[in-house]
*Asks:* 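What follows is a single structure, and I will ask about it in a moment.
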Amino acid sequence: MAKRKKSKSPVRTARRGGGKPPRRPSKTAAKKKPAKKAAAGPIPVSSGRGADPARIGAEVVRMLHANTGDKAIWDAWWSPQCESIEGSETRLAWRGRKQIQAKSDWWNSENEVVDGNVEGPYVGATAFSIRFRVQVRTKATGATQWMDEVGVYTVQNGKVVREEFMGLAPASKAAGAPSIALENAMA
């Protein structure tokens with residue numbers, strides 16, 4: 001009687017590699033448990049430990065009104081890893097206090113604040129915003145213009161971790177609204 005060659009089944013192949021043969025799913029394993037449904041309703045939102053956006057926003061506005069200066073504000077409330085984003089046409093980000101200080105030094109070397117005011121803070125769950133209306137003189141030309149922008153400050157664990165500046169533009173004629181120059185709106 002001749003010996004029959006054994007076929008190479010997947011079970012035997014798996015055994016050669018030293019592993020166990022693949023298991024067939026049992027009838028009970030084939031039935032999946034339904035996924036847990038998310039709890040209905042909203043979930044709590046937090047900015048973490050430390051001072052919340054309302055307290056930091058109020059202190060920053062107080063310090064701005066007292067002309068305390070950027071460095072004192074940053075030392076008190078900004079994270080060393082803070083990110084600063086300029087919106088509008090600029091669309092650039094500066095990361096860390098050294099880069100933010102360099103950006104501020106450059107801006108102050110080119111411009112001088114002549115007049116202005118600060119409104120806010122407007123407080124959210126994880127951030128606050130401040131509206132800046134500032135008359136600026138360009139040192140090179142002597143020309144003055146009004147800047148109107150909003151700074152949005154994200155807070156985590158009692159420190160500002162991100163600031164983003166958004167310029168307020170006059171209403172667009174394409175949108176059907178009349179265009180108003182910022183200088184006239186500021187008067």
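Computed from a predicted structure; not experimentally measured.
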*Asks:* Using side-chain heavy atoms (C-beta onward) and a distance below 4.5 Å, is Cys82 in contact with Ile100?
*Replies:* yes

*Asks:* Between Ile85 and Arg162, does the side-chain contact (heavy atoms from CB on, under 4.5 Å) criterion hold? Intermediate values first, please.
*Replies:* CA-CA 8 Å; Ile85 299 171; Arg162 179 181 175 146; 2.9 Å; yes

*Asks:* At what distance, to the nearest 0.5 angstrom, does OG of Ser84 lie from CG of Leu92?
*Replies:* 10.0 Å

*Asks:* Are Val118 and Trp78 co-members of a hydrophobic cluster defined by side-chain heavy atoms under 4.5 Å apart?
*Replies:* yes

*Asks:* Only counting residues at least two apart or in another chain, list the ones meeting side chain to side chain donor-acceptor pair (under 3.5 Å) with Arg55.
*Replies:* none

*Asks:* Which ring-ring contact (aromatic ring centres under 6.0 Å, His included) pairs, counting each pair once, include a residue from residues 110-141, with sequence neighbours left out?
*Replies:* Phe128-Tyr153

*Asks:* Between Asp148 (side chain only) and Leu168 (backbone N and O only), is there a donor and an acceptor less than 3.5 Å apart?
*Replies:* no

*Asks:* Please tabulate, one pair per line, all N/O donor-acceptor pairs under 3.5 Å involving side-chain atoms of residues 69-77, not counting sequence neighbours.
*Replies:*
unit_1: Asp70; atom_1: OD2; unit_2: Ser104; atom_2: OG; d: 3.4
unit_1: Lys71; atom_1: NZ; unit_2: Asp75; atom_2: OD2; d: 3.0
unit_1: Asp75; atom_1: OD1; unit_2: Arg97; atom_2: NH1; d: 3.4
unit_1: Asp75; atom_1: OD1; unit_2: Arg97; atom_2: NH2; d: 2.8

*Asks:* List for me each residue that meets side chain to side chain donor-acceptor pair (under 3.5 Å) alongside Glu110, sequence neighbours excluded, and say none if there are none.
*Replies:* none

*Asks:* Looking just at side-chain N and O atoms, do Gln156 and Ser47 make a donor-acceptor pair shorter than 3.5 Å?
*Replies:* no

*Asks:* Using the side-chain contact (heavy atoms from CB on, under 4.5 Å) criterion, which residues pair with Arg137? Sequence neighbours excluded.
*Replies:* Glu112, Val114, Lys139, Thr144

*Asks:* How close do Pro121 and Ala58 get, heavy atom to heavy atom, and via which atoms?
*Replies:* CG-N, 3.6 Å

*Asks:* Between Ile56 and Val160, is any pair of side-chain heavy atoms under 4.5 Å apart?
*Replies:* yes

*Asks:* Only pairs at least two apart or in different chains count here, so list each ring-ring contact (aromatic ring centres under 6.0 Å, His included) that has a residue in residues 84-119.
*Replies:* none

*Asks:* Could you measure the distance from the CG atom of Asp115 to the CD atom of Gln135? Nearest 0.5 Å is fine.
*Replies:* 6.0 Å

*Asks:* Which of these, Val152, Val150, Leu64, sits in a side-chain contact (heavy atoms from CB on, under 4.5 Å) with Ile130?
*Replies:* Leu64

*Asks:* Does the Ser79 side chain pair with the main chain of Gln81, one donor and one acceptor, at a distance under 3.5 Å?
*Replies:* yes

*Asks:* Checking Glu149 now: which residues fulfil salt bridge (charged side-chain N to carboxylate O under 4.0 Å, His left out) with it, not counting sequence neighbours?
*Replies:* none

*Asks:* Going by the salt bridge (charged side-chain N to carboxylate O under 4.0 Å, His left out) test, which pairs reach into residues 85-96, not counting sequence neighbours?
*Replies:* Glu83-Arg95, Glu86-Lys103

*Asks:* Membership question, hydrophobic clusters at under 4.5 Å side-chain separation (ILVMFWY): are Met63 and Val155 in the same one?
*Replies:* yes

*Asks:* Applying side chain to side chain donor-acceptor pair (under 3.5 Å), name anything that partners Gln101, two or more places apart in sequence or on another chain.
*Replies:* Asp105

*Asks:* Only counting residues at least two apart or in another chain, list the ones meeting side chain to side chain donor-acceptor pair (under 3.5 Å) with Gln99.
*Replies:* none

*Asks:* What verdict does the side-chain contact (heavy atoms from CB on, under 4.5 Å) test give for Asn117 and Arg131, after you've listed the backbone C-alpha separation in whole Å, the side-chain angles of each residue and the deciding distance to 0.1 Å?
*Replies:* CA-CA 8 Å; Asn117 64 22; Arg131 184 174 184 177; over 6 Å; no

*Asks:* Are the side chain of Ser88 and the backbone of Thr90 linked by a donor-acceptor contact shorter than 3.5 Å?
*Replies:* no

*Asks:* Of all heavy-atom pairs between Pro53 and Ala125, which one has the smallest distance, and what is that distance?
*Replies:* CG-O, 3.7 Å

*Asks:* Could you tell me which residues satisfy salt bridge (charged side-chain N to carboxylate O under 4.0 Å, His left out) with Glu119, sequence neighbours excluded, listed by chain and number?
*Replies:* Arg133

*Asks:* Return each pair, listed once, that meets ring-ring contact (aromatic ring centres under 6.0 Å, His included) where at least one residue sits in residues 36-70; pairs must be two or more places apart or across chains.
*Replies:* none

